[in-house]
Amino acid sequence: MAYWLFKTEPSECSIDDFARAPHTPVVWEGVRNYQARNMLRDNVKQDDLVFIYHSSCKLIGIAGIAKVVREAYPDPSQFDSASPYFDAKSNMEKPRWVAVDLVFVEKLPALLALDKLKSQAKLNELPLVQKGNRLSVMPVTSAQWHLILELS
DNA sequence: GCCAACGTTGGC
DNA sequence: GCCAACGTTGGC
C-alpha cells in the first residue's frame, strides 16, 4: 500500500465536502498534468491512503485523509464539453486523462499548515515543499506519512 | 528537436 | 493581483 498527497482548491472540493458524505465516493477528476496523470494511472492503487491538501485558499495545508476505492479509469470530464476540464483532443477510444475515486477517512483535528510542513527538516524531500513543484498528485513515503500524522 | 511565446499553478 | 517557476504549444 502506498501513500499520496492530492492538491485541491477547497472552493472546488474540500475535506468538508468529503466529510459531509462520508460513504459516497468522490470522483477525483480534472488532473491535467502528464506527470501527475502517470502516477494516477500507474501507481495509485485500491486502498492507498491520500492526504487531502488545500491550495489557493486562505488556510493552506493538509486538511484530512481519504482512501482510494477505485483505481484509474477514463476521466469523464474530458468528454464533457460543458466542463472546464473538457479536452477536445481526447477521445473515447484513446482517453488522455484518468480519474480515481476516493472516500472520506478523516479530517485532521486541525489543518496542518504549509508553514509547519516547511519548517520540518525531515520533510525536505517531500515534493510539496520543494521550490517550483507544481505536481497535484505526489507520492508520500511511509516515513513522511507517519511524521505528518504525528505533527497533526 | 529546438526554443520563444504563451498559459497555468499556487504561494504571497 | 503579482509574479516566479514550470509546462505546453507550435513554427521552424
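Residue numbering restarts at 1 for every chain, and letters A, B, ... go by the order of the sequence lines. Hydrogens, waters and symmetry mates are skipped; everything else that's a heavy atom, side chains included, is used.
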Exercise. Who pairs with A/Asp42 by salt bridge (Lys or Arg N to Asp or Glu O under 4.0 Å), at least two apart in sequence or on another chain?
Worked result: none
Exercise. Who are the side-chain hydrogen bond (donor to acceptor under 3.5 Å, both in side chains) partners of A/Asn91, not counting sequence neighbours?
Worked result: none
In residues 102-129 of chain A, what donor-acceptor pairs under 3.5 Å come from side-chain atoms, sequence neighbours left out?
residue  : atom : partner  : partner atom : Å
A/Lys107 : NZ   : A/Asp16  : OD1          : 2.8
A/Ser119 : OG   : A/Lys116 : O            : 2.8
A/Asn124 : ND2  : A/Ala121 : O            : 3.2

Side-chain atoms of residues 63-71 of chain A: list all donor-acceptor pairs with protein atoms under 3.5 Å, sequence neighbours left out, distances to 0.1 Å.
residue : atom : partner : partner atom : Å
A/Glu71 : OE2  : A/Gln46 : N            : 2.8

Seminar exercise, completed: Assign each of A/Lys89 and A/Asn33 the nucleotide of DNA chain C bearing its closest heavy atom; nearer the 5' end lies the nucleotide of A/Asn33
Exercise. Looking at residues at least two apart in the chain, or sitting in another chain, which of them share a side-chain hydrogen bond (donor to acceptor under 3.5 Å, both in side chains) with A/Ser77?
Worked result: A/Arg32, A/Asp75
For this session: Treat primed atoms plus P, OP1 and OP2 as sugar-phosphate and everything else as base, then score nucleotides 5-12 of chain B 5' to 3': B for base contact with protein heavy atoms under 4.0 Å, S for sugar-phosphate contact only, - for none.
Result: --BBSBSS
